[in-house]
There are 2 protein chains.
Amino acid sequence: MSSSGTGTELAASLRAVGLRVTATRERVYAAIARSPHATPEALTELVNLDEPAIPPSSVYRALDALEEAGLVTHTHLDHHAPTYHRADHAQHLHLVCRECGAVTESPASVADDLVATLADRHGFAADVTHMAIHGRCAACRP
Amino acid sequence: MSSSGTGTELAASLRAVGLRVTATRERVYAAIARSPHATPEALTELVNLDEPAIPPSSVYRALDALEEAGLVTHTHLDHHAPTYHRADHAQHLHLVCRECGAVTESPASVADDLVATLADRHGFAADVTHMAIHGRCAACRP
DNA sequence: CTTACTGCAAATATTTTGCATTTGG
DNA sequence: CCAAATGCAAAATATTTGCAGTAAG
């Protein structure tokens, strides 16, 4: 049980949807695990601390593959910035400070009431796992 | 009180922050009022049903100006799509269907509990007005 | 008048795609 | 082996910017 069996899960999840296990996908997945809330650009940089370098286009394709395998999800925390995180670490909401940009996490359960209300009133099945809430964090409040 | 004095409010809000009142800004603002949740691209198209045509770059600049004047706000409902709405019509959340893309609105008050909880547990002042919730709408559920 | 705004076109930034080559299963 | 994935470079998309002319105040 060296490193929580993550490598094995990655292989299994990819194969389960008919995708291959490649070095590129392993490296991108490892980078996401190391750096939650990272953008594709940031992940490219992070991944390329090691060689051989992986071009941005391949990072994008790896992200698609990982997402298709259900290993990662992405959220749009701000403008041009999809951020990726591991699916098994996704049960939280993102509190994005409009002031300093800090991203805090909160357990998804705080939104249970809201989810129930939306299901009730609109028949809408909300996935709060993908939710970003903007506002002002404790540190940036007067 | 013909049309709720909107034209006057626009002029006043722009001037209040030292911006000028121009035909471009009036037309873009009118388009937003007519079509909530529209992207810059959609607004450009809508605005250009009348002539003279306004180029995209000017629409972007008008949106910036209107936002700076506090007349409109924008939200990111999905990938490359900031959507604009009038600030005085913004007290709602956006329920975005991942299936069909439909955007439903729900009064912001349904999130009151959540807002209170986040303030309580994280000292985070959430602005649910800018919140998009992804999921599946009633029509797209089995 | 004076400075901000606009239109146009070119520049940026970001993500996607075609295709020959490599590699996983 | 065969199909899928990669690397590279070029294309597509979205947004920003420089500048000279126009118009708001």
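Below, read A as the first sequence line, B as the second, and so on, with proteins coming before strands; counting in each chain starts at 1.
- A donor-acceptor contact under 3.5 Å links the side chain of A:Arg20 to the base of D:dA3.
- Between the CD atom of B:Glu67 and the P atom of D:dT15 there is a distance of 13 Å, rounded to whole Å.
- The nucleotide whose nearest atom lies closest to any side-chain atom of B:Ser58 is, among C:dG7, C:dG25, D:dT6, C:dG7.
- With rounding to whole Å, A:Ile54 atom CD1 is found 15 Å from C:dT22 atom C1'.
- Checked against the 6.0 Å centroid threshold, A:His85 and A:His94 count as a close aromatic pair.
- Residue contacts shown for A:Thr24 are limited to sugar-phosphate atoms, with no base heavy atom under 4.0 Å away.
- Atom CG of B:Leu63 is separated from atom P of D:dA14 by 15 Å (rounded to the nearest Å).
- Summarising the geometry, the separation between OH on B:Tyr84 and P on D:dT15 is reported as 8 Å, rounded to the nearest angstrom.
- Straight-line distance from the CG atom of B:Leu14 to the C1' atom of D:dG25: 14 Å, rounded to whole Å.
- Using a 4.5 Å cut-off on side-chain heavy atoms (C-beta onward), A:Val115 and A:Val128 make contact.
- Taking atom CG of residue A:Leu10 and atom C1' of nucleotide C:dG24, one finds them 14 Å apart after rounding to whole Å.
- With C:dC5, D:dA5, C:dT14 as the choices, the nucleotide that has an atom nearest any side-chain atom of A:Glu41 turns out to be C:dT14.
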ask   = Is there a side-chain contact (heavy atoms from CB on, under 4.5 Å) between A:Arg27 and A:Leu46 once you walk through the steps?
value = CA-CA 10 Å; A:Arg27 286 171 65 192; A:Leu46 185 54; over 6 Å; no
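- Between the P atom of C:dT6 and the CD atom of B:Glu26 lies a distance of 11 Å, rounded to the nearest Å.
- Counting non-hydrogen atoms under 4.0 angstrom, A:Arg15 reaches the backbone sugars and phosphates but no base.
- We find that B:Arg98 and A:Asp127 are joined by a salt bridge, their nearest charged nitrogen and carboxylate oxygen being less than 4.0 Å apart.
- No hydrogens or angles were tested; on distance alone, nothing pairs the side chain of A:Arg61 with the base of C:dT16 as donor and acceptor under 3.5 Å.
- The CG atom of A:Leu19 sits 13 Å away from the C1' atom of D:dA3 (whole-angstrom rounding).
- Within 4.0 Å (heavy atoms only), A:Pro82 reaches sugar-phosphate atoms of the nucleic acid but no base atom.
- Ring pair B:His74/B:Tyr84 is tilted by interplanar angle, where 30° to 60° counts as tilted.
- Residue A:Pro55 has its side chain nearest to D:dC8 when only D:dC8, C:dG25, D:dA5 are considered.
- The side chain of A:Ser57 places no N or O atom within less than 4.0 Å of a non-bridging phosphate oxygen (OP1 or OP2) of D:dC8.
- Between B:Tyr60 and the phosphate of D:dT15, there is a side-chain N or O to OP1/OP2 separation shorter than 4.0 Å.
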